[in-house]
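For reference, the structure is listed below as structure tokens.
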Amino acid sequence: QKPKANAKDAIVRLRETLQMLEKRENHLQNKIDSELKLAKSNATTNKRAALMALKRKKQYESQIEKIGGSRITIEAQVMAIESANVNLETIKAMESGAEAMKAIHGSMDINKVDDIMDSVRENMDLADEISNAISAPMIGVDLDDDELTAELEELEQEVLDSQLLEVEPPPVIAPNVPTTEPVRHTNKILEDEDDELEELRATMAM
């Protein structure tokens, strides 16, 4: 039994046939040119030879016309095979993809997927609860927000009171009083006391 030709072998064979037909056309065209030249040279001297040359020319032209038709048919066949081969490869690729998807989904069903997603959500919620528990401050007593607010207000009032107490009183402008002798006397007493204190310090140092 003759083996079936694949697309590649068929295309190669058809292209080789096209090349052969093209060479045949060129050969016949040379013969046509030669017969036409012969007919022209005998047109006035040997009409019988000229007519025979024209007859052979017509035959060659008929063969070229048939070859041209064959070439068109073969070229169309080549294009059809190439297109069919592309379609075949596309179908094979799609079939392979479908088989791969079937193998992936073979052990899965919608109920199993739903169970998996429920498990994922439960674990995510658990992880979130654990994270919140870890990040919560470790305080042994419960704190009352109202009590904390009241304590904060007391602190704020204390700060304001202390700020008011620290404000310096406005300077008191005393009237100009002329310097009198008693003032000088008081200054003299203070100077004497300072001198005595210095002497006492000097004695203790000795």
Side-chain angles (χ1 to χ4, degrees), residues 1-139 145:
Q1 185 179 359
K2 185 178 180 180
K4 294 181 180 180
N6 57 34
K8 182 178 179 181
D9 293 340
I11 291 173
V12 170
R13 180 67 184 275
L14 289 170
R15 292 194 182 280
E16 289 176 350
T17 302
L18 286 174
Q19 292 178 357
M20 182 270 292
L21 292 175
E22 184 178 0
K23 291 179 180 179
R24 178 63 178 169
E25 278 185 338
N26 293 334
H27 176 69
L28 291 173
Q29 186 60 49
N30 290 334
K31 285 185 171 295
I32 289 171
D33 295 340
S34 178
E35 295 297 337
L36 179 59
K37 184 178 180 181
L38 181 60
K40 287 181 179 180
S41 62
N42 290 291
T44 56
T45 58
N46 189 348
K47 290 184 179 182
R48 180 179 176 81
L51 289 173
M52 292 298 293
L54 291 175
K55 185 177 181 180
R56 290 190 295 270
K57 173 180 170 292
K58 288 293 183 181
Q59 291 174 345
Y60 295 148
E61 288 175 346
S62 177
Q63 291 182 33
I64 285 181
E65 185 176 352
K66 292 178 181 179
I67 290 174
S70 298
R71 287 184 60 183
I72 292 175
T73 301
I74 292 175
E75 288 172 353
Q77 192 174 17
V78 169
M79 291 184 356
I81 293 174
E82 289 176 341
S83 178
N85 190 50
V86 170
N87 292 336
L88 177 61
E89 293 300 326
T90 302
I91 292 174
K92 287 182 179 179
M94 294 174 66
E95 183 180 9
S96 176
E99 291 177 355
M101 292 180 66
K102 184 177 179 180
I104 293 172
H105 295 154
S107 59
M108 299 175 64
D109 56 47
I110 188 62
N111 294 326
K112 185 174 182 179
V113 173
D114 288 339
D115 293 341
I116 293 173
M117 293 306 299
D118 289 340
S119 177
V120 170
R121 281 188 286 268
E122 290 175 0
N123 281 281
M124 290 180 66
D125 292 339
L126 178 60
D128 189 49
E129 293 177 1
I130 293 173
S131 178
N132 291 335
I134 293 174
S135 62
M138 299 296 293
I139 299 177
D145 290 342

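Computed from heavy atoms alone, side chains included, the values below leave out hydrogens, waters and symmetry copies.
Other residues, nucleotides and ligands place no more than 12 heavy atoms under 6.0 Å from the CD atom of Glu65.
Expressed to the nearest 0.5 Å, how far CG of Asn85 lies from CD1 of Ile11 amounts to 6.0 Å. Considering CD1 of Ile74 and CD of Glu16, their distance stands at 11.5 Å, rounded to 0.5 Å. Between the NE2 atom in His27 and the CD atom in Gln63 there is a gap of 9.0 Å [rounded to 0.5 Å]. Put simply, CZ on Arg13 and CD1 on Ile81 are 12.0 Å apart, with the number rounded to the nearest 0.5 Å. In this structure, Thr17 OG1 and Leu21 CG are separated by 6.5 Å, a value rounded to the nearest 0.5 Å. Between atom CD1 of residue Ile67 and atom CD1 of residue Ile72 there is a gap of 12.5 Å, rounded to the nearest 0.5 Å.
Listed here is the closest heavy atom pair of Val78 and Leu14: CG2-CB, 3.5 Å.
By the side-chain hydrogen bond (donor to acceptor under 3.5 Å, both in side chains) test, Glu61 is found to be paired with Lys57, residues two or more places apart in sequence or in another chain being considered.
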Practice problem: Apply the test side-chain contact (heavy atoms from CB on, under 4.5 Å) to residues Asp33 and Lys37: give CA-CA distance (whole Å), side-chain angles for both, the deciding distance (0.1 Å), then the verdict. | Solution: CA-CA 6 Å; Asp33 295 340; Lys37 184 178 180 181; over 6 Å; no
Exercise. Dump the intermediate steps for side-chain contact (heavy atoms from CB on, under 4.5 Å) on Glu25 and Gln29, then the final yes or no.
Key: CA-CA 6 Å; Glu25 278 185 338; Gln29 186 60 49; over 6 Å; no
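Classification of Glu89 and Lys8 as a salt-bridged pair fails, no side-chain N sitting under 4.0 Å from a carboxylate O.
Looking only at atom types and distance, the side chain of Asn26 has no donor-acceptor partner in the side chain of Glu22 under 3.5 Å away.
Side-chain atoms of Asn42 come within 3.5 Å of backbone atoms of Leu38 as a donor-acceptor pair (strictly under, hydrogens ignored). Looking at Ser83, its side chain never comes within 3.5 Å of a backbone N or O of Met79 through a donor-acceptor pair.
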List the atom pairs, donor and acceptor, that lie under 3.5 Å between side-chain atoms in residues 118-130 and the rest of the protein, sequence neighbours left out.
{"residue": "Asp118", "atom": "OD1", "partner": "Arg121", "partner atom": "NH2", "Å": "2.7"}
{"residue": "Ser119", "atom": "OG", "partner": "Asn123", "partner atom": "ND2", "Å": "3.4"}
{"residue": "Asn123", "atom": "ND2", "partner": "Ser119", "partner atom": "O", "Å": "2.7"}

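Among the candidates Lys55, Lys58, Arg56, the single residue satisfying the side chain to side chain donor-acceptor pair (under 3.5 Å) test with Glu35 is Arg56.
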